[in-house]
Amino acid sequence: MARYNAQATEKKWQAFWDENKVFATQTRGNAEKYYVLEMFPYPSGRIHMGHVRVYTLGDVIARYKRAKGLDVLHPMGWDAFGMPAENAAIEEGIPPAKWTSDNIATMRLQLKSMGFSYDWSREIATCSPDYYRHEQKMFLDLLEAGLAYRKESMVNWDPVDNTVLANEQVIEGRGWRSGALVERRLLPQWMFRITAYADELLEGLPALDRWPESVRIMQENWIGRSEGMRVNFSLKGRDDHLTVFTTRHDTLFGASFCAIAADHPLAKELASDNPKLNNFIDECNRLGTSEAALEKADKTGFDTGLRALHPFDENRELTVFVANFVLMNYGTGAIFGCPAHDQRDLDFARKYGLDVLPVVCPSSQTDAEFVIADKAFTGNGMIINSAFLNGLRTEDAKRAVAERLESNNQGKTHINYRLRDWGVSRQRYWGCPIPVIHCQDCGIVPVPEIELPVLLPDDVDFDKPGNPLDRHPTWKYVQCPCCDSPARRETDTFDTFVDSSWYFCRYACPNAEMPLDTKAVHAWLPVDQYVGGIEHAILHLLYSRFFMRAMRKCGYVDFDEPFTGLLAQGMVCHDTYRDAQGWLYPEEVERNQKGLLVRRDTQTPVIAGRSESMSKSKKNVVDPETIISAYGADTARLFMLSDSPPERDIEWTESGVDGAWRFVQRIWRMVDEPKFPLAPKNMPAPSHIDGPSLALRRTTHKIISDVTNDIDKFRFNRAVARVRELTNAIGAFEHNDRAGSWAVREALETLVQLIGPMMPHIAEEMWHSLGHDPSLVNHPWPEPDPTLIAAENVTVAVQVNGKLRTTLTLGLNVDPAVAESRALADPTVIASIGGRTVRKIVVVPNRVINVVV
RNA sequence: CGGCGCGUGGUGGAAUUGGUAUACACAACAGACUUAAAAUCUGUCCCCUUUUAAGGGUUGUCGGUUCGAGUCCGACCGUGCCGACCA
């Protein structure tokens, strides 16, 4: 009896798959296509458990769809530009290109050792000129299409990474990567006009019905469409006016002040001869960057001395404040304050003693009893105290106000979005160079297409902070392509989210001379199933949806949505351990004889913290490689699939891995040393099968049906449970006769096929042991026999007044009247009825009979 | 503060989507095999009454709809994630 040797067997089959190009993408023409893609990794050095999970999920889908006879595209590549490579250069003196390609080489080997079914011939790395030259060409197209532009704009500046961050890369006022407090700076930036597609991106969401609801809601909120009005307030003693954005123009008569943002142009103008106002603005800007402080910050304002006139009543003068709670980057950077119906305005009004005039009365109260204390009423209702609006409901009042303001040229209905244009400039070296040239005479000149790619120079130094491209002695000095006079290259590079906004298209045509081969892209795209972390719910997924539309406008494709299905998998968690010295790795901790957690080396006590997602900072990580070398890839893959549904977090436990390992051994023994000889392979079914053998056949086919269903719905944990049931059924089977040995072979072969996508190496080995030629990968998925699934008898629950009293075995689809009389004849049921009158009998066929008395 | 999600045994979780709650595993306990250990196999394993048989209760709490609720509705409690002054 030989123990299953996972390491040798896995290597053997990986080599077989490789040599025979088993996973080469097929295009058979008559088969349906299926594109399954997992988010490509950043080559940080080594794979971690998060990678193992997401790529296992994707691989099960890919192998399953392949077995189902579909043409599957399942590629892998590298999100290879980005700051860690530069940090390595700064800290260890390794050039970013070398650091990155070394990491890719390591991680590629690690992924191969997991046995994933990638078509490696389509591998791409975003840092390769073969990739980024096409990105540069696409940028030129976007530029021409008016979707890329340059703008002097206030940016989020990360003082640690010395770079600009997009709004969504700022989390609680800190850089998403460095964690440094973000400053505001005015810099010329390259922007992508994502706002041009705000409505389209919003309207496309409901059709993405195979996306998680939560992701769609997050994107919806991020786009932040709101219907309202721009309203002009005349300014006393000035010719110009103040434009505010509001969604509650029905409350216009409740206005008691106006407020503008600290960086509103009007505020800046007024501050030029008002030092106190200037001071106040400075204070706001300082606060404006630190969101944590802002949370508790009081609403403060500064009276500019200006007075705005109410649009419907020139005699009403409203003080114009600069206020710290008004944001320049939303709406017009100016508001009118209606304290009775907006909590912020109410807080502000109470602080500065301003009027609070209720103008909307909730339907539950009369206007006489309705008062505003410390809570604003923000709901809809009946308009009061509002001249010509009195008696109207909120919606009608909005319409009436809009009509009157528009006819007086005092306002315009307006749809406002929270979404901002996407700033793509990064002042970094390790990114795709932006292919433009700055000429004193000609301005911004695109690099001519024949000169692409603009290559990154190799000879850069990382001794000083800032952008090495900018400091390079020669790289940026070029001649203007238009006038030949001396000019300078753009030294900004792209945000790496640009790289990942189209890579999924390039997989369809990795060697095309053009950025995209439209025919190939249309053959494979959209991605049928995308798998990745929920952390990309907004950034990557929204950018990709935008880029798809931009590529459509540039004529590359004729569809809008890159990913029609999305599976957002949960994180891999592990217990945390620490002692007085700090966090400890799991392998540094053990249980002593008393069962207490202690350090392995010193035997001193260890505190067990709660389970959290694996992270290097908390040291609660398990290196996949140690698991693979101890148990093999199949065990790791099985563990990732069992127990928890994919979208939920999974708890990595040593005992769970042991359990998975035991299962691998167990199924191996079933073919390596069967309890009795199996029927020869390919033998036709015996003409007569009954008793336990028939029962085993029924189980086998029921489980084919269940597992197929479960994998279709990505309920892999249930699929694993069903497979274990089949294993238990085979293990318990004792019927050593002709029919029995045939049924066992059928069950075993089914078992092997069902675990194929989950544990491909052992499945391949068992398939071979059962006498079949490789590769199982190309063997069709088993089909359940419907006549075996349909049971002839069903167990039906019998309830009296909703309480379970007994169960009956009835024929399938038996006449309800028969079921009824069988139930009423049952002694337990008679006893439960206890002589009471039967009022009603509910019969749910094949499920339940409920006697109501 | 808002949005979204979750709450089922000691643990991870299952429940045909309103129809027999606790599938499948992990852990624990007992036993078999063994000189011993590992491995393997068998059994017990939500709670209460009772030796068993049998009965009663149970899906965070309270209420509602229904012949019937883990599942639907309302309120509350707890918890997690995300967004946060979005006018």
Side-chain angles (χ1 to χ4, degrees), chain A residues 1 3 168 171-172 212-218 220-222 224-226 228-229 244-249 251 259 288 291-292 294-295 297 299 323-327 329-338 341-345 347-348 378 416-419 534-535 537-538 570-571 613 639 642-645 647-651 653-660 662-663 665-666 669 706 709-710 715 717-728 731 794-808 828 839-853:
Chain A
M1 139 178 183
R3 243 164 112 80
E168 45 274 51
I171 294 146
E172 290 179 5
E213 175 91 44
S214 62
V215 173
R216 297 198 311 239
I217 290 171
M218 275 193 251
E220 190 182 326
N221 291 340
W222 190 263
R225 181 184 200 269
S226 42
M229 289 199 81
V244 307
F245 175 71
T246 180
T247 55
R248 290 303 300 270
H249 30 295
T251 67
E291 306 260 346
L294 203 137
E295 188 181 336
K299 307 210 172 349
N324 66 347
F325 65 94
V326 180
L327 309 171
N329 60 16
Y330 185 80
T332 60
I335 61 152
F336 81 80
C338 179
H341 305 290
D342 184 290
Q343 193 58 45
R344 292 157 303 179
D345 297 348
D347 296 344
F348 190 81
T378 56
N416 195 67
Y417 297 92
R418 210 187 74 112
L419 182 71
I534 190 84
E535 65 273 20
I538 296 171
M571 294 176 297
S613 87
F639 179 84
S642 345
D643 294 349
S644 290
E647 58 280 358
R648 228 182 280 186
D649 286 352
I650 194 169
E651 178 70 24
T653 61
E654 193 65 25
S655 56
V657 180
D658 280 338
R662 280 199 298 271
F663 182 70
Q665 295 290 346
R666 186 166 172 223
R669 280 195 305 271
D706 286 348
N709 223 326
D710 288 337
R715 293 191 289 202
N717 56 326
R718 271 177 30 149
V720 170
R722 296 290 90 84
V723 163
R724 293 186 114 124
E725 273 177 33
L726 180 57
T727 309
N728 291 343
V794 287
T795 308
V796 175
V798 183
Q799 302 172 333
V800 175
N801 279 353
K803 277 193 182 166
L804 180 72
R805 290 300 164 188
T806 189
T807 57
L808 289 177
T828 323
R839 278 183 22 221
K840 185 174 166 190
I841 300 177
V842 181
V843 179
V844 180
N846 305 325
R847 292 234 190 287
V848 76
I849 299 163
N850 191 9
V851 181
V852 186
V853 298

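Since this is a predicted model, take the numbers as computed values, not measurements. A, B, ... follow the sequence lines: proteins, then strands. Residue 1 opens every chain.
A:Arg805 meets the salt bridge (Lys or Arg N to Asp or Glu O under 4.0 Å) test with no other residue; sequence neighbours excluded. Partners of A:Arg225 according to the salt bridge (Lys or Arg N to Asp or Glu O under 4.0 Å) rule, which considers only residues two or more places apart in sequence or in another chain, are A:Asp199, A:Glu227.
Using a 4.0 Å heavy-atom distance criterion, A:Thr653 is classed as making no nucleic acid contact.
Of all non-hydrogen atoms in A:Lys299 and A:Asn324, the two that sit nearest each other are CA-OD1, 3.6 Å.
The gap from the C1' atom of B:G74 to that of B:C1 amounts to 23 Å, rounded to the nearest Å. A gap of 33 Å separates the C1' atoms of B:G68 and B:G80, to the nearest Å.
Across the interface with RNA chain B, nearest-nucleotide mapping of A:Thr332 and A:Ser214 shows A:Ser214 to be the residue nearer the 5′ end. Comparing A:Asp342 and A:Asp643 by the nucleotide of RNA chain B that holds the closest heavy atom to each, the one mapping nearer the 5' end is A:Asp643.
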Pairing string, 5' to 3', for RNA chain B - Watson-Crick or wobble contacts under 3.5 Å, brackets [ ] where pairs cross, | to another strand
(((((((..(((......[....))).(((((.......))))).((((....))))..(((((..]....))))))))))))....
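Panel note: side chain A:Asp345, backbone A:Cys338; a donor-acceptor pair is recorded below 3.5 Å.
A side-chain N or O of A:Arg666 and one of A:Asn728 form a donor-acceptor pair less than 3.5 Å apart.
At a cut-off of 3.5 angstrom, the base of B:A39 holds no donor-acceptor pair with the side chain of A:Arg662. With hydrogens and angles left out, the side chain of A:Arg847 and the base of B:U16 share a donor-acceptor pair within 3.5 Å.
For A:Val842, counting side-chain heavy atoms from C-beta on, the closest listed nucleotide (B:A87, B:G19, B:A84) is B:G19. Among B:C67, B:G19, B:A87, the nucleotide with an atom closest to any side-chain atom of A:Ile335 is B:A87.
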